[in-house]
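Within every chain, numbering begins at 1; the chains are lettered A, B, ... in the order of the sequence lines, protein sequences first and strands thereafter.
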2 protein chains.
Amino acid sequence: MDVRTLCLAALSRGDATGYEIKKMFETGPLAHFQRASFGSIYPALSRLLDDGLVLAEALEQDGRPDKKVYRLTEGGRAAFRHALTGQPPEPESIRSDLLFMLMFATEMTPARVGDLIEARVAELRELADHIEAKAKNCGEAHACGEATPSGFFSEPGPKFVAGYGVAIYRAAADYMERHRTALVREIEAARAALPNMAAE
Amino acid sequence: MDVRTLCLAALSRGDATGYEIKKMFETGPLAHFQRASFGSIYPALSRLLDDGLVLAEALEQDGRPDKKVYRLTEGGRAAFRHALTGQPPEPESIRSDLLFMLMFATEMTPARVGDLIEARVAELRELADHIEAKAKNCGEAHACGEATPSGFFSEPGPKFVAGYGVAIYRAAADYMERHRTALVREIEAARAALPNMAAE
DNA sequence: TAATGCATGTAATCGGTTACATGATTCA
DNA sequence: TGAATCATGTAACCGATTACATGCATTA
């Protein structure tokens with residue numbers, strides 16, 4: 001998904017500035033599954049403007065630099081719908097540096113492997129808890145953080161997606177926790193067999 | 001992980017040509033969690049050659065074009081160890097076009113959403129089965145497919161990683177299957193409430 | 001005969017990251 | 001005083017994808 005489509009998606013939920021779109025992908029409602037940086041958002045918005053998919057309204061502000069509030073045009077909304085309706089996303093498989101590294105676990109010390117996994121488990125649990133908390137707080141229609149609009153997670157899509165995130169992160173943490181010590185022990189055994197004790 | 005490191009990783013398991021490295025990432029032992037294309041592998045290998053991290057031996061072949069078999073140097077092995085030992089990979093969160101799209105499920109027809117999820121479930125199950133079969137066949141030391149060396153999945157690292165892949169893909173498929181009909185029904189209800197029945 | 005596999009490489013292009021530039025305000 | 005937040009944008013750079021170019025052998 002290119003950043004242009006991501007911007008259309010963000011704006012489909014309401015008008016916003018480039019800065020606010022960035023926040024949506026950082027800590028706001030769109031915080032998971034995709035990301036976007038300033039360096040890609042701003043050029044994307046100007047291109048969308050050129051193409052007539054968004055309108056921009058300049059707002060003067062006291063002290064702070066002026067805002068440009070972007071709004072979807074009908075064409076922009078259609079373009080976003082088209083992106084959702086077009087050919088389905090091709091199969092996605094897990095990409096992970098850590099998992100790839102762990103294929104070469106025997107090239108690392110057992111302690112290193114254990115630490116890497118432990119750290120990842122903590123990260124995964126934190127992510128899961130974070131999503132769960134946000135979905136719970138913002139599932140009902142009372143005010144929660146500024147970034148995520150009230151009731152957002154009571155909508156079917158976001159609710160489904162949040163549940164998915166929690167489930168997968170928990171599953172990943174559980175697997176790693178359950179198999180961590182066995183892996184470390186096996187590496188120890190392999191190292192004891194071949195005297196590979198080189199540098200590091 | 002840049003393709004240079006990926007090539008070092010592949011070569012750490014034995015000498016290979018660029019073509020063979022590609023295959024390892026496609027259907028071979030390194031088939032999951034990372035990928036690499038010809039357009040990145042060949043330039044990466046020449047850079048590694050320039051930097052003295054690999055050696056190349058040209059092999060003439062009858063009919064077919066000549067092969068260049070690459071081999072890690074001591075420096076190359078050290079560089080790979082360094083990549084594994086250096087700073088741990090930063091936290092990774094799930095990236096997924098489909099999941100992002102599903103945040104906007106109400107912008108799609110219920111049928112579309114149902115189909116997307118059904119298709120993804122099938123893909124996930126296939127991936128899981130595929131990994132499981134490969135790990136099972138190549139876990140013992142008798143010959144299996146050419147691409148994956150015998151006994152590969154009896155090594156601790158690959159075994160752990162294969163188990164992870166199976167567990168996560170199954171968990172993802174299970175979640176989607178369990179929540180699919182509820183999501184579709186909720187979208188139907190939402191659509192019935194607001195008369196949003198536009199194009200498509 | 002057409003597609004696929006073997007085998008290597010280049011070049012155009014693209015999209016995105018990173019860092020930089022600017023600048024006021026507020027909070028610790 | 002220094003960091004963080006608000007706010008927009010540009011430019012250099014980088015890495016990777018895609019398509020192209022070549023060419024024989026095998027298989028359907």
Side-chain angles (χ1 to χ4, degrees), chain A residues 1-8 10-11 15-28 33-51 54 56-70 83 89-90 92-93 95 97 100 145-147, chain B residues 1-8 10-11 15-28 33-51 54 56-70 83 89-90 92-93 95 97 100 145-147:
Chain A
M1 283 223 150
D2 57 27
V3 178
R4 292 187 72 200
T5 309
L6 260 31
C7 288
L8 292 178
L11 293 174
D15 303 348
T17 67
Y19 191 86
E20 287 165 345
I21 291 175
K22 175 79 196 305
K23 274 201 309 182
M24 287 189 217
F25 284 99
E26 249 172 13
T27 57
F33 307 111
Q34 296 290 333
R35 67 169 46 192
S37 66
F38 284 131
S40 54
I41 288 174
Y42 286 120
L45 286 172
S46 9
R47 272 196 58 199
L48 290 172
L49 193 60
D50 292 343
D51 296 352
V54 301
E57 186 193 1
L59 286 194
E60 289 168 36
Q61 290 195 130
D62 44 322
R64 312 200 170 291
D66 290 357
K67 278 183 177 187
K68 269 193 201 169
V69 179
Y70 290 91
E90 50 189 63
E92 293 160 340
S93 58
R95 303 282 144 209
D97 284 0
F100 186 80
E146 324 71 36
Chain B
M1 279 221 152
D2 58 27
V3 179
R4 293 189 70 199
T5 309
L6 260 30
C7 288
L8 292 178
L11 293 174
D15 303 349
T17 67
Y19 190 85
E20 287 166 344
I21 290 174
K22 175 79 196 303
K23 275 201 310 183
M24 287 188 217
F25 283 100
E26 249 172 13
T27 56
F33 307 111
Q34 295 290 333
R35 67 169 45 192
S37 66
F38 284 131
S40 55
I41 289 174
Y42 285 119
L45 286 172
S46 8
R47 271 196 58 198
L48 290 171
L49 193 60
D50 292 344
D51 296 352
V54 301
E57 187 191 2
L59 286 194
E60 288 168 36
Q61 288 195 131
D62 44 322
R64 315 197 168 292
D66 291 357
K67 279 183 176 185
K68 269 192 201 170
V69 179
Y70 290 90
E90 50 189 64
E92 292 159 342
S93 55
R95 302 282 145 212
D97 284 0
F100 186 80
E146 324 72 35

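When rounded to the nearest whole Å, the span between NZ of Lys22(B) and P of dC6(C) equals 12 Å. What separates CD of Glu20(A) from P of dA7(D) is a distance of 6 Å, to the nearest Å. Taking atom CG on Asp66(A) and atom P on dA7(D), their separation rounds to 11 Å, with Å as the unit. Rounded to whole Å, the distance from CD1 on Ile21(B) to C1' on dT8(C) is 13 Å. What separates CZ of Phe38(A) from P of dG16(C) is a distance of 16 Å, to the nearest Å.
How far CG of Asp97(B) is from CD of Gln34(A): 5.0 Å, rounded to the nearest 0.5 Å. Atoms CZ and CG, on Arg4(B) and Asp51(B) in that order, are 4.5 Å from each other to the nearest 0.5 Å. Interatomic distance, Ile41(A) CD1 to Arg35(A) CZ, rounded to the nearest 0.5 Å: 11.5 Å. Atom-to-atom distance recorded for Ser46(B):OG and Lys68(B):NZ is 7.0 Å, nearest 0.5 angstrom. One finds the CG atom of Asp2(A) at 3.5 Å from the OG1 atom of Thr5(A) (value rounded to the nearest 0.5 Å). Of the inter-residue distances, the one linking Asp66(A) atom CG with Glu57(A) atom CD reads 11.5 Å to the nearest 0.5 angstrom.
Nearest to the side chain of Ser40(A), among dG16(C), dG9(C), dT8(D), sits dG16(C). Checking dT8(C), dC6(C), dC6(D) against every side-chain atom of Lys68(B), the shortest atom distance belongs to dT8(C). Comparing atom distances between the Val3(A) side chain and each of dT8(D), dA7(C), dG16(C) picks out dG16(C) as nearest.
Within 4.0 Å (heavy atoms only), Gly18(A) reaches sugar-phosphate atoms of the nucleic acid but no base atom.
Contacts of Lys67(B) classified as side-chain hydrogen bond (donor to acceptor under 3.5 Å, both in side chains), with partners at least two apart in sequence or in another chain: none.
The local environment of CZ in Arg95(B) is crowded, with over 12 non-hydrogen atoms from other residues, nucleotides or ligands closer than 6.0 Å.
Between Ser37(A) and the phosphate of dT18(C), there is no side-chain N or O to OP1/OP2 separation shorter than 4.0 Å.
Remark: Tyr42(A) in residues 41-48 of chain A come within less than 4.0 Å of DNA chain D through at least one heavy atom.
Within the helix from dT1(C)-dA28(D) to dA28(C)-dT1(D), the inter-axis angle between the opening and closing five-pair segments is 40°, rounded to 10°.
When all heavy atoms of Ala56(B) and Leu49(B) are compared, the closest pair comes out as N-CD1, 3.7 Å.
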